Undergrad: 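Provided herewith is a single structure, encoded as structure tokens, for subsequent inquiry.
Everything numeric in this text was worked out from a predicted model, so none of it was measured.
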Amino acid sequence: MVQVKVTDEGIKDTAKENSKGEPVEQVEATEEHQETKEIPLENMKKSELLEKVREIKETADQNYDFYMRSLAEIENLKKRFQKDKSDLIKFSNESLIKQLLSVIDNLEKAISACEDENSLGAVKEGVELTLKGLLDSLEKAGLHQVEAEGKPFDPNFHAAILEQEDNTSDPGMVIQELQKGYILNDRLIRPAMVIVSKNSA
């Protein structure tokens, strides 16, 4: 095998020293490890040019195939994302609705019981149980009632309809709740409508 002395700028010969002042051994490289220099296109023969064109076309075809596959994969991901998003919107309340089905059943039973004039007490009890079941289901979904009556008036959770003189309560206390307020997952979705006590004039 032919030994060729490498004289590139990046390799120091024996006459030079490294940064520590130590002699640098001569570096030799075999012919098969030398860089293969590209022949300029204008110096190529016709057969070499045709071979070069063939290589370039093969590379271009591979790149185009990779591009088309990637494009198809992106389109599939978009479609899958849109379907998942659509399903999430459609069925996001499925768990809550399943729980409310029993409430519907109980209300239907209460309506049927109203046909008997002597069942007023049973109807009232059934409606109360149905309301409790409904509130329990909504509470599991994150809904809570705003505490109002007997509490100090809080404009963050209460909406005062009017002030009323009340000698049995301190001023600024909620003495009556006209409509319940609700909080969903720590966010107020409806304030409680209340009457607030005030000092007598």
Undergrad: Output yes when K140 and D136 qualify as a salt bridge under the 4.0 Å nitrogen-oxygen rule, no when they do not.
TA: no

Undergrad: Between V194 and I175, does the side-chain contact (heavy atoms from CB on, under 4.5 Å) criterion hold? Intermediate values first, please.
TA: CA-CA 8 Å; V194 299; I175 57 176; over 6 Å; no

Undergrad: Under the rule for side chain to side chain contact (heavy atoms under 4.5 Å, CB included), what residues qualify as partners of T130, not counting sequence neighbours?
TA: V103, N106, L107

Undergrad: Do you know which two heavy atoms are closest between G150 and M173, and how far apart they sit?
TA: O-CE, 3.2 Å

Undergrad: I'd like to know if the side chain of T59 reaches the main chain of E55, judged simply by a donor and an acceptor atom lying under 3.5 Å from each other, with no hydrogens or angles considered.
TA: yes

Undergrad: Flag the pair L188 / N156 as yes when at least one side-chain heavy-atom distance between them is below 4.5 Å, and no otherwise.
TA: no

Undergrad: Do Q176 and L178 make a side-chain contact, defined as non-hydrogen atoms from C-beta onward lying under 4.5 Å apart?
TA: yes

Undergrad: Within a strict 4.5 Å, meaning less than it, do heavy atoms of the E108 and D105 side chains meet?
TA: yes

Undergrad: Could you grab the distance from atom NE2 of H144 to atom CG of N185, nearest 0.5 Å is fine?
TA: 7.0 Å

Undergrad: Under a 4.5 Å cut-off applied to non-hydrogen side-chain atoms, are S197 and E165 in contact?
TA: no

Undergrad: Please give me the minimum heavy-atom distance between V174 and F153, naming the atom from each residue.
TA: CG2-CA, 4.0 Å

Undergrad: Do L50 and R54 have side chains that approach each other closer than 4.5 Å (heavy atoms only, starting at C-beta)?
TA: no

Undergrad: So, H158 side chain and E147 main chain: donor-acceptor pair closer than 3.5 Å or not?
TA: yes

Undergrad: Is the shortest side-chain heavy-atom distance between Q145 and Y182 below 4.5 Å?
TA: yes

